[in-house]
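The structure displayed is predicted, hence computed values, not measured ones.
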Number of protein chains: 2
Amino acid sequence: MTITIKDIATAVGVSYSTVSKALNDSPLVKQETKAKIIKIAKDLGYEPNFAAQRLVKKESKLIGLAWPTLDRMAHSVLATKINEEFTKNGYSMILSINSIQTSLDIFKRYQADGVIIFDEESTKTVHALTTIPIVSYGVGKGKDFPIVDVNYQKAMYAAVEYLAKLGHEKIAFIGDFSPIDDRQIEKYRGFQNAMQHFELSFSGDNLINTAGLSWYDGYIAAKRLLQSAFIPTAIIGTSYDISAGIVRAIREANFIIPKDISVVSYDNIPQMGNMEIPLTSVGVPVDVMAKQIVQTILRAIQNRQDVPLIQTLDPQLTERNSCAHVRNI
Amino acid sequence: MTITIKDIATAVGVSYSTVSKALNDSPLVKQETKAKIIKIAKDLGYEPNFAAQRLVKKESKLIGLAWPTLDRMAHSVLATKINEEFTKNGYSMILSINSIQTSLDIFKRYQADGVIIFDEESTKTVHALTTIPIVSYGVGKGKDFPIVDVNYQKAMYAAVEYLAKLGHEKIAFIGDFSPIDDRQIEKYRGFQNAMQHFELSFSGDNLINTAGLSWYDGYIAAKRLLQSAFIPTAIIGTSYDISAGIVRAIREANFIIPKDISVVSYDNIPQMGNMEIPLTSVGVPVDVMAKQIVQTILRAIQNRQDVPLIQTLDPQLTERNSCAHVRNI
DNA sequence: TTGAAAGCGCTACCAG
DNA sequence: CTGGTAGCGCTTTCAA
């Protein structure tokens, strides 16, 4: 038999409403009784029934993270940071790896106060938007729920600008151009615009499609590039994982980073510094990203109308050891 | 305002207890009324209040997976498989990336029917065991809750045996010897025993400690090995990630797999076949592992006493293209 | 086949 | 400061 506040009440000899107050640390209960109640509760091994609490209260202090594909280093890091941030704010976060729709159903049934969506695919429409506050991390535009996004174009501009200032003219871009993922497309556009702006030659040659987001995709793409006629002096990789593959391919081809080839990666996470070669990277620092997402969902919970539909965060470039002035040949 | 069965009741013109029955597909309700109720419920966008249901019923059909560290390819694959398996069985799975203890608290509060623990560290003791059925995936022995484990020794024996039959004598073992993780220790023991059994020379030389479980750890360790005086003809890597790093290091050192060096990896997941070089691997196939874990927790939920404390699964060796007969020099 | 009513365990309000 | 009581939304007897 599980023990309830009524059991405590009879054990202590007070009414169970008093027990409830005491357990919630209400100032309406004398210290002495409160202490006694708490002690007995502990002795009895009392565990509050959350379902009952939730039935009465409005909030669950629970946030769901819908993340169908458990991959992407940068996402893992972000998820962990977001979790920390919620903990600080007195919330718990749980995660579902089902489809967005299923995850949403689960979270709704369990009365999560809000949900965050991590999803690469921008095409899917989500129903049931009305019932629960949602914030999405970078899933395209034109959605009817708030999105925290990154100014990818600016990020790529910053990367190209940085390399251009180091004298690089032959810059390659390795990323995933799947039309399904708006974020990748934005990165590409940003690169394209920046190249034009700095009047750098730009053709099909410096664009390599990974057609995937794993490090191996990046590896294969870079390998292909380095076997082609066009050997760049700098490469921009569009994610932590992809860049890991790029670095690998470069080294296998016996080029030295950054002497022969400079590398800049997207994803501004501290882990970039722990790679075999600490990579200079652009992107919104995870901490900033996490804080913004958490604050947004918290605001949405308090007042749904109050939250802007799209928030675009500005990226930063963090220098590490993967770039050098271009060599004069 | 969220809509309840009472709203449906008034809308349809029946009592709300009838609505409840209809929604639960009870045979006690006339087909006709049932259909009408279900239709109206849908029209109204009714969503059952889980807290209320849970308060009355005993089970939540919810399983928690406590997984503090979101990493390890093999674990991701396993988690995904387990999730599928639960879905098939009418359960939902959610995941927490907090500490085991915190995760447990969360799951308990949300009335999960059971929890699965993924944890590398075998030292931590978990409280609150009494309240909720727990199954752990390979967290050491001597715990007071059921564990589904792998016969790591047998796995390593199978790997060594396989290589020995191909004529290999110089076999290196690259893994994490952190005393914190019993599973890694078991793998090491298995290797040691097998080497002795096949009378293969065995010294500090063929043992490389990665001191970590990421691919980069494997990479560094293998690199170190290949720069040493002892160049093996075969290498055993203790996980998908570590082996990925090993393969990388081998190729960077201009050895060819499997011509120069054969590789066998632990972790029997289909993804081993998608690597740059499809790796022959040993381990319990994920499907088997997932099914076993799910069945175990389901049994534990029905009858706590019924479940064996330790279940050790037998590994299988799956041949791919990373091993060859040792070359005669 | 349907309805009434008794809770599940808890919070919150109102009296005292 | 403490106790009584009305629900939260739902399932489940028990009657009708």
ask   = Once you build an axis from the first five pairs and another from the last five of the helix from C:dT1-D:dA16 to C:dG16-D:dC1, how far apart in angle are they, to 10 degrees?
value =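 Answer for the end axes of this duplex: 40°.
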
ask   = Distance check: side-chain N/O of B:Gln53 vs OP1/OP2 of D:dC10, anything under 4.0 Å?
value =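 No, outside the criterion.
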
ask   = Do any side-chain nitrogens or oxygens of B:Ser20 fall under 4.0 Å of OP1 or OP2 in D:dC10?
value =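 No, because none of the side-chain N or O atoms of B:Ser20 sits under 4.0 Å from OP1 or OP2 of D:dC10.
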
Set of salt bridge (Lys or Arg N to Asp or Glu O under 4.0 Å) partners for [X], sequence neighbours left out:
{"X": "B:Lys30", "value": "B:Glu32"}
{"X": "B:Lys42", "value": "none"}
{"X": "B:Lys36", "value": "none"}
{"X": "B:Lys21", "value": "none"}

query = Among all residues two or more places apart in sequence or in another chain, which pass the side chain to side chain donor-acceptor pair (under 3.5 Å) test with A:Asp287?
reply =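 Here no residue qualifies.
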
Between atom [atom1] in [X] and atom [atom2] in [N], what is the gap in whole Å?
{"X": "A:Gln111", "N": "D:dG9", "atom1": "CD", "atom2": "P", "answer": "10 Å"}
{"X": "B:Leu55", "N": "C:dG7", "atom1": "CG", "atom2": "C1'", "answer": "9 Å"}
{"X": "A:Lys6", "N": "C:dC10", "atom1": "NZ", "atom2": "P", "answer": "9 Å"}
{"X": "A:Arg109", "N": "D:dG9", "atom1": "CZ", "atom2": "P", "answer": "18 Å"}
{"X": "B:Asn49", "N": "D:dG9", "atom1": "CG", "atom2": "C1'", "answer": "5 Å"}
{"X": "A:Asp7", "N": "C:dG9", "atom1": "CG", "atom2": "P", "answer": "9 Å"}
{"X": "A:Lys57", "N": "C:dG9", "atom1": "NZ", "atom2": "P", "answer": "18 Å"}
{"X": "A:Leu23", "N": "C:dA12", "atom1": "CG", "atom2": "P", "answer": "13 Å"}

Could you go through nucleotides 4-7 of chain D and list every protein N or O atom that sits under 3.5 Å from one of its N or O atoms, giving the distance for each pair?
residue: D:dG4; atom: N7; partner: A:Ser17; partner atom: OG; Å: 3.2
residue: D:dG4; atom: O6; partner: A:Ser17; partner atom: OG; Å: 3.1

query = Which pairs count as ring pair (Phe, Tyr, Trp, His ring centres under 6.0 Å) when at least one residue sits in residues 6-45 of chain A, sequence neighbours excluded?
reply =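 Those involving residues 6-45 of chain A do not exist here.
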
query = Can a donor-acceptor pair be found between the side chains of A:Ser20 and A:Ser17 at a distance below 3.5 Å?
reply =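 The criterion, which ignores hydrogens and geometry beyond distance, is not satisfied for A:Ser17 and A:Ser20.
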
inquiry  = According to ring-ring contact (aromatic ring centres under 6.0 Å, His included), who are the partners of A:Phe50, at least two apart in sequence or on a separate chain?
reply    =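 Only B:Tyr110 meet the ring-ring contact (aromatic ring centres under 6.0 Å, His included) criterion with A:Phe50.
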
message = Can you list everything that forms a ring-ring contact (aromatic ring centres under 6.0 Å, His included) with A:Phe86? Sequence neighbours excluded, please.
response =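 Residues passing ring-ring contact (aromatic ring centres under 6.0 Å, His included) with A:Phe86: none at all.
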
task = Within residues 24-46 of chain B, find the residues that approach DNA chain D with a heavy atom at under 4.0 Å, and present them sorted by residue number.
result =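 Those residues are B:Asn24, B:Tyr46.
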
request  = Can you label the angle between the B:His75 ring and the B:Phe118 ring as parallel, tilted or perpendicular, going by 30° and 60°?
outcome  =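 Ring orientation, 0 to 90° scale: perpendicular.
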
query = Which salt bridge (Lys or Arg N to Asp or Glu O under 4.0 Å) pairs, counting each pair once, include a residue from residues 292-303 of chain B, with sequence neighbours left out?
reply =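 Qualifying pairs: B:Arg299-B:Asp306.
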
